[in-house]
Number of protein chains: 2
Amino acid sequence: MRPREFDHDDVLRIAFDQFWRKGVRGTSLSDIARDAGVQRGSLYNAFGSKEALFLQAYERYAGDYLIALQKALSAGSLRKRLTAFLDLTITNFRSGIPPRGCPTTRGLMELGAAEGEGLDDDARQAFANLVSRITALVQDTLSAGAERGEFNGNPAAAALHIITVTRGLAVLERAFGDEPQLRKIAAHTIDLVLGKKGS
Amino acid sequence: MRPREFDHDDVLRIAFDQFWRKGVRGTSLSDIARDAGVQRGSLYNAFGSKEALFLQAYERYAGDYLIALQKALSAGSLRKRLTAFLDLTITNFRSGIPPRGCPTTRGLMELGAAEGEGLDDDARQAFANLVSRITALVQDTLSAGAERGEFNGNPAAAALHIITVTRGLAVLERAFGDEPQLRKIAAHTIDLVLGKKGS
DNA sequence: TCATGTTCTTGACACCGTGTCAAATATTTT
DNA sequence: AAAATATTTGACACGGTGTCAAGAACATGA
């Protein structure tokens, strides 16, 4: 066996970085290969296809992201948790990969827009999976809040609502890029779900 | 002047149909040319580029769509109007072009996902424009409702919230394709904005 | 040490999509 | 009828994805 001349995870990180910044469509395997100091053919050998490479990079991201969201959802009052959750959400698709920042551009895989615009059903599935898991996190938080009397409503419906807003924010971000407006919408959403702040 | 051998508007309709069904990325000018019985080069001559063609087709769609939304927003009680609005929204990105149905696939330009995944800033702008105009329609409806005592809240904030949900629904639709769930979210949103139905 | 097998790498190739261009073509105008 | 003008047509360049065969690097067993 000849050993691989590059690090699998390094490539995944480099690839995701590019996908995030320039979009899946806008990133070619040549770009990634150049950045990673690897031959394009080697990428095909190691990952099979651009899409498969994207999927692996995406799964990696999804894992990190979920952990960060969970952390945001586990501090203080229910209102604080939801605020932190929405803050992180907005920050995330405004800035880049959760851990290391990537300042300028906004990603789009948060939209699940991959499918139809270049990727197939697996990417859609992966995205759906992430959304489901985030929804479960929020619902659990709401349920716990309900037990503590911080919320009286349907946790499942409210969680779904919040997730929907979350995804909508991603779209608006791409359309307008107006962060203050996004934060207003987020605050308004929390008020709607939990009741106005001053009541 | 040699006269054009095809109808400008026919091509626009055919093109949008394909973009809607297969995505912008998934549709080549060859596809459109074949469908329209036109030479590919003629399309470049007439429209300049794939993107320009898309933009024209999109503007056409946006106009029709806005009219349909406005109609939905102008019948009956405020709750009925918003319900009709969300119904049309869901139906729209579930079925196809508003007037003539296109049953199977779901479009994605409703996401403004165009940018980054193949299209540039003009497409983003066009999308942002559509969203703005829809927001204005909803806000006007809410304001009118407020004057009639059917709503007491901030019309601007509520409209923005509804539009955000709307865009989020588009994302969820693409992720899950679960229409009943979408309608539940929509109903829940109306309850949040107007107050629960039975109160 | 050397041969062998396995895996990775490398470069060439086919294919498709976008976009450009010049030559040919069809009308209208003079 | 000739000129002017816009459209059509086919060839071309370019870049991206994906495939393949041949070469290269290592592990193992003799």
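Residue numbering restarts at 1 for every chain, and letters A, B, ... go by the order of the sequence lines.
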Problem set entry | Heavy-atom neighbours of A/E150 CD exceed 12 at 6.0 Å |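 Correct, the count exceeds 12.
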Exercise. Taking everything shown except B/N152 itself, do over 12 heavy atoms lie less than 6.0 Å from its CG?
Worked result: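 Not more than 12 within 6.0 Å, no.
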Exercise. Has B/Q39 got a side-chain N or O lying under 4.0 Å from the OP1 or OP2 atom of D/dG10?
Worked result: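 Yes, such a contact exists.
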For this session: Could you tell me whether the phosphate oxygens of C/dC8, OP1 or OP2, come under 4.0 Å of any side-chain nitrogen or oxygen in A/S42?
Result: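 Answer no for this pair, as no side-chain N or O of A/S42 is under 4.0 Å from OP1 or OP2.
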Rounded to whole Å, please give me the gap between [atom1] in [X] and [atom2] in [N].
X     : N      : atom1 : atom2 : result
B/R34 : C/dC16 : CZ    : P     : 11 Å
B/D7  : D/dT7  : CG    : C1'   : 15 Å
A/N45 : C/dT9  : CG    : C1'   : 8 Å
B/I32 : C/dC16 : CD1   : P     : 18 Å

For this session: Could you tell me how the ring of B/Y61 sits relative to the ring of B/Y65: parallel (under 30°), tilted (30 to 60°) or perpendicular (over 60°)?
Result: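 Geometry flag for B/Y65 against B/Y61: parallel rings.
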For this session: Have a look at B/F47 and say if it touches a base, only the backbone sugar-phosphate, or nothing, with a 4.0 Å heavy-atom cut-off.
Result: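 Contact class for B/F47: none.
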For this session: Could you pull out all residues at least two apart from B/R133 that satisfy side chain to side chain contact (heavy atoms under 4.5 Å, CB included)?
Result: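 Checked B/R133 against side chain to side chain contact (heavy atoms under 4.5 Å, CB included); matches are B/L66, B/N129.
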Problem set entry | Residues which pass side chain to side chain contact (heavy atoms under 4.5 Å, CB included) with A/D178, listed by chain and number, not counting sequence neighbours |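 With neighbours one apart ignored, the set is A/F176, A/P180, A/Q181.
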For nucleotides 17-19 of chain C, print each protein N/O atom paired with a nucleotide N/O atom at under 3.5 Å, atom names and distance only.
from	atom 1	to	atom 2	distance (Å)
C/dT18	OP1	B/L29	N	3.4
C/dT18	OP1	B/K50	NZ	3.0
C/dT18	OP2	B/L29	N	3.0
C/dG19	OP2	B/Y44	OH	3.4
C/dG19	OP2	B/K50	N	3.0
C/dG19	N7	B/R40	NH1	3.0
C/dG19	O6	B/R40	NH2	2.7

With a 3.5 Å cut-off and sequence neighbours excluded, list the donor-acceptor pairs that the side chains of residues 182-190 of chain A form with protein atoms.
from	atom 1	to	atom 2	distance (Å)
A/R183	NE	A/E179	OE2	3.1
A/R183	NH1	A/D87	OD1	3.0
A/R183	NH2	A/E179	OE2	2.6
A/T189	OG1	A/I185	O	2.8
A/T189	OG1	B/H161	ND1	3.3

Exercise. Are B/F16 and B/Y58 close enough that their ring centers fall under 6.0 Å?
Worked result: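 Aromatic pair excluded; centres sit 6.0 Å or further apart.
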May I have the list of side-chain donor-acceptor pairs in residues 32-48 of chain B shorter than 3.5 Å, sequence neighbours left out?
from	atom 1	to	atom 2	distance (Å)
B/R34	NH2	B/D31	OD1	3.1
B/D35	OD1	B/Q18	NE2	3.4
B/D35	OD2	B/Q18	NE2	3.1

For this session: Could you run through nucleotides 24-30 of chain D and give me one letter per nucleotide, 5' to 3': B if any protein heavy atom sits under 4.0 Å from the base, S if only the sugar-phosphate is that close, - if neither?
Result: BBB----
